[in-house]
J.: 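Mind having a look at this structure? Questions to follow.
The structure displayed is predicted, hence computed values, not measured ones. Sequence lines set the chain letters: A, B, ... in the order given, protein chains first and strands last, and positions in each chain run from 1.
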Protein chains: 2
Amino acid sequence: MTADHVFTALASPARRELLRLLLEEGGQPAGRLAERFDMSRPSVSEHLRVLKDAGLVSESRQGRERHYRLEAAPLMEIRDWLSPYERFWREKLANLTDLLDEMEDHGQDS
Amino acid sequence: MTADHVFTALASPARRELLRLLLEEGGQPAGRLAERFDMSRPSVSEHLRVLKDAGLVSESRQGRERHYRLEAAPLMEIRDWLSPYERFWREKLANLTDLLDEMEDHGQDS
DNA sequence: ACTATACGTAGGTTTTTTCCTACATAACAA
DNA sequence: TTGTTATGTAGGAAAAAACCTACGTATAGT
């Protein structure tokens with residue numbers, strides 16, 4: 001729910017893989033997701049819980065299955081967190097290209 | 001150096017705070033950074049090492065100080081990782097606004 | 001009602017992370 | 001040289017994370 005939870009959730013490769021599966025293949029029941037991992041089903045279940053606590057997936061019961069689907073909104077918080085760093089990166093890149101242009105100007109006249 | 005390292009580095013609030021300080025106040029020696037934390041200096045030093053392994057900071061020796069500065073490039077990998085999810089998010093949002101428009105059309109004629 | 005299926009939860013072990021207090025190293029200063 | 005400052009490294013304790021194997025619960029099917 002907080003940005004902290006989101007960052008923590010994204011730190012695990014298994015959880016990032018879960019998000020990828022939900023993105024590329026759409027929402028799925030827990031069992032079908034678990035099949036794709038070289039890991040016990042309860043462990044996958046726990047990863048899903050972490051993702052859910054971070055608001056990155058939602059769960060809906062359908063019969064005896066639990067359908068999980070991607071909730072991308074919290075990732076937009078990450079994007080926002082990232083943006084000042086992106087600005088910083090761009091400025092640095094701009095300075096570099098300016099420098100290169102200047103070197104070129106000095107290297108060849110006219 | 002890998003995306004995995006970057007995600008792991010970002011998972012810690014202390015390390016994100018280090019990045020923020022380096023972004024907002026510019027590069028600084030290790031000791032000055034450590035002062036800002038309610039944590040022992042060696043612990044901060046270790047966090048800096050994790051950030052360095054992820055390529056998020058660079059270190060340069062200046063006399064007996066070690067100057068750390070922000071390296072934002074690896075964060076651009078995170079941004080790239082994020083982008084397909086952003087697309088997903090936008091589509092969902094578009095569907096929602098379409099639905100709302102449709103409801104409005106039916107609610108009031110012309 | 002009974003069995004099978006789809007899950008989450010409990011409890012415990014192993015691994016990883018985080019943090020600390022010494023201690024080592026290297027540079028500057030007198 | 002001798003002392004002081006800046007900082008990383010070692011070693012270890014404590015907390016957190018990641019797994020696993022039972023086990024519990026609820027729904028579906030017969």
J.: Starting the side chain at C-beta, find the nucleotide from dC19(C), dT5(C), dG8(C) nearest to Arg64(A).
T.: dT5(C)
J.: Please report, rounded to the nearest Å, how far the C1' atom of dA6(C) is from the CZ atom of Arg61(A).
T.: 12 Å
J.: Is Arg49(B) salt-bridged to Glu59(B), cutoff N-O under 4.0 Å?
T.: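 No salt bridge links Arg49(B) with Glu59(B).
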J.: Answer yes or no: is there an ion pair linking Glu25(B) with Arg32(B), defined by an N-O contact shorter than 4.0 Å?
T.: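 Arg32(B) and Glu25(B): not salt-bridged.
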J.: DNA chain D: Ser40(A) or Gln62(A), which has the more 5' nearest nucleotide?
T.: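 Its nearest nucleotide lies further toward 5', so the answer is Ser40(A).
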J.: Quick one: do Met76(B) and Leu82(B) end up in the same hydrophobic cluster if we chain Ile, Leu, Val, Met, Phe, Trp and Tyr together by side-chain heavy atoms under 4.5 Å apart?
T.: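 Linked, Met76(B) and Leu82(B) end up in one cluster.
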J.: Remember a base hit wins even if backbone is also touched, and classify Phe37(B) as base, sugar-phosphate or nothing at under 4.0 Å, heavy atoms.
T.: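 Here Phe37(B) touches no strand at all.
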J.: Check the distance between dT17(C)'s P and Arg49(B)'s CZ and give it to me in whole angstrom.
T.: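 From Arg49(B) CZ to dT17(C) P: 11 Å.
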J.: Arg41(B) near the nucleic acid: base, sugar-phosphate alone, or nothing, with a heavy-atom cut-off under 4.0 Å?
T.: base
J.: What is the distance from CZ of Arg66(A) to C1' of dC7(C), rounded to the nearest Å?
T.: 6 Å
J.: DNA chain C: Tyr68(A) or Glu46(A), which has the more 5' nearest nucleotide?
T.: Tyr68(A)
J.: Tell me what Pro42(B) touches on the nucleic acid: a base, only sugar-phosphate, or nothing, going by heavy atoms under 4.0 Å.
T.: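 If one applies the 4.0 Å heavy-atom cut-off, Pro42(B) turns out to touch a base.
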J.: In this structure, how many angstroms lie between the P atom of dT18(C) and the CG atom of Leu48(B), rounded?
T.: 13 Å
J.: Please determine if Arg90(B) and Glu86(B) form a salt bridge, counting it only when a charged side-chain N lies under 4.0 Å from a carboxylate O.
T.: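 Yes, charged N to carboxylate O under 4.0 Å.
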J.: Is the distance from OP1 or OP2 of dG8(C) to the nearest side-chain N or O of Ser45(A) less than 4.0 Å?
T.: yes
J.: Please check this pair: side chain of Thr8(A) against backbone of Asp4(A), looking for a donor-acceptor N/O pair closer than 3.5 Å.
T.: yes
J.: Tell me, please, the opening and closing nucleotides of DNA chain D, 5' to 3', among those with an atom under 4.0 angstrom from a non-hydrogen atom of chain B.
T.: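 Span of nucleotides near chain B: dT4(D) to dT9(D).
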J.: Between Leu33(A) (CG) and dA6(C) (P), how many Å, whole number?
T.: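 It works out to 14 Å between those atoms.
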J.: Quick one: is His47(B) getting a side-chain N or O under 4.0 Å of the dC19(C) phosphate, OP1 or OP2?
T.: yes
J.: Can any side-chain N or O of Arg69(B) pair as donor or acceptor with the backbone N or O of Ser60(B) at less than 3.5 Å?
T.: no
J.: Just wondering, are more than 12 heavy atoms of other shown residues or ligands nearer than 6.0 Å to CZ in Arg20(A)?
T.: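 Counting other residues, nucleotides and ligands, CZ of Arg20(A) exceeds 12 neighbours.
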